[in-house]
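Below: the structure, in structure tokens.
Only heavy atoms go into these numbers, but all of them, side chains included; no hydrogens, no water, no symmetry mates.
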Amino acid sequence: MAICGICNVNESKYKCPKCNVNYCSIGCFKDPVHIHERIDETDKADEENKEVLSTDESASKFDKLINDSQIQSMLKFKSLQFHLSVILKIINDASITGESVLENRKEIANLKLTNLRSGGLEQNELVEDFVERVLFLLNEG
């Protein structure tokens, strides 16, 4: 089942007849965040084409990361696995709420990553090496 497209927390039970967004309750349906913009078929086709291009490009970059021997080597370390899992948990943490839930989660995860990279009690050289390698591979032609 899909997640509510309004609150992004609960399982959706309904689909808006005007904009096709999934929602979980009348509260979410009436929420000011829920706007009824019907998507034209041409707009929908354009969006699908953009998603396919974006997905192909992302898959290519992701393959580059997965197949990199340095990345594979670094990912064997339990400490790096732990720090990456903590960041992933922050991004997926349903208890973090606010005006823009996903943006709040990304901001908190970014702060955690910055703390791991730039010093303080949590500084971890392996995390810094991993981030630098990922950025290098993603920015490579």
Side-chain angles (χ1 to χ4, degrees), residues 1-68 70-141:
M1 196 74 155
I3 297 295
C4 175
I6 310 297
C7 69
N8 295 314
V9 174
N10 300 317
E11 195 173 295
S12 71
K13 298 175 187 171
Y14 314 101
K15 185 172 268 196
C16 178
K18 292 184 180 180
C19 65
N20 289 327
V21 70
N22 294 318
Y23 64 96
C24 64
S25 66
I26 193 72
C28 279
F29 181 79
K30 291 184 176 183
D31 192 288
V33 170
H34 180 202
I35 53 176
H36 300 282
E37 290 183 11
R38 184 174 290 278
I39 300 172
D40 287 346
E41 291 305 314
T42 55
D43 290 344
K44 194 180 257 186
D46 287 345
E47 283 299 315
E48 287 172 5
N49 289 338
K50 285 180 188 173
E51 285 179 25
V52 168
L53 290 173
S54 176
T55 302
D56 288 346
E57 186 178 306
S58 295
S60 170
K61 288 184 176 186
F62 187 67
D63 287 342
K64 194 186 302 185
L65 293 176
I66 288 176
N67 296 321
D68 184 72
Q70 289 181 16
I71 294 286
Q72 289 175 356
S73 176
M74 286 184 240
L75 286 172
K76 291 178 182 176
F77 289 93
K78 295 287 184 195
S79 63
L80 181 61
Q81 293 172 15
F82 171 77
H83 291 304
L84 293 176
S85 70
V86 168
I87 291 168
L88 186 60
K89 283 179 186 175
I90 292 169
I91 291 171
N92 293 318
D93 188 349
S95 69
I96 300 173
T97 59
E99 200 170 303
S100 175
V101 175
L102 184 57
E103 286 304 314
N104 287 346
R105 292 176 187 169
K106 285 181 180 179
E107 186 176 326
I108 292 168
N110 189 37
L111 289 171
K112 174 72 173 174
L113 185 57
T114 300
N115 193 25
L116 287 166
R117 293 181 68 197
S118 66
L121 296 175
E122 292 190 302
Q123 182 174 359
N124 186 300
E125 191 174 314
L126 182 58
V127 172
E128 177 61 17
D129 292 344
F130 178 80
V131 171
E132 284 182 11
R133 184 66 183 164
V134 167
L135 292 174
F136 170 78
L137 292 170
L138 292 178
N139 292 320
E140 226 178 22

- [ ] Decide yes or no on side chain to side chain contact (heavy atoms under 4.5 Å, CB included) for N10 and S25, but give the supporting numbers first.
- [x] CA-CA 9 Å; N10 300 317; S25 66; 5.9 Å; no
Shortest non-hydrogen separation from [X] to [Y] and the atoms involved:
X	Y	result
A109	I90	N-CG2, 3.6 Å
C24	E11	CB-O, 3.3 Å
N67	Q72	CA-NE2, 3.8 Å
N124	L126	OD1-N, 2.9 Å
K112	V86	CE-CG1, 3.8 Å

How about [X] and [Y]: do any of their side-chain heavy atoms sit closer than 4.5 Å?
X	Y	result
L75	F130	yes
L116	I87	yes
T114	N110	yes
L138	L65	yes
Y23	C4	yes

Say you draw a straight line from [atom1] of [X] to [atom2] of [Y]; how long is it, rounded to the nearest 0.5 Å?
X	Y	atom1	atom2	answer
L84	L80	CG	CG	4.0 Å
K64	F136	NZ	CZ	8.5 Å
M74	E132	CE	CD	9.0 Å
I66	L137	CD1	CG	12.0 Å
H83	N115	NE2	CG	10.0 Å

Open item on the list: Quick check on side chain to side chain contact (heavy atoms under 4.5 Å, CB included): which of V9, I6, V21 does C28 satisfy it with?
Closed with: I6
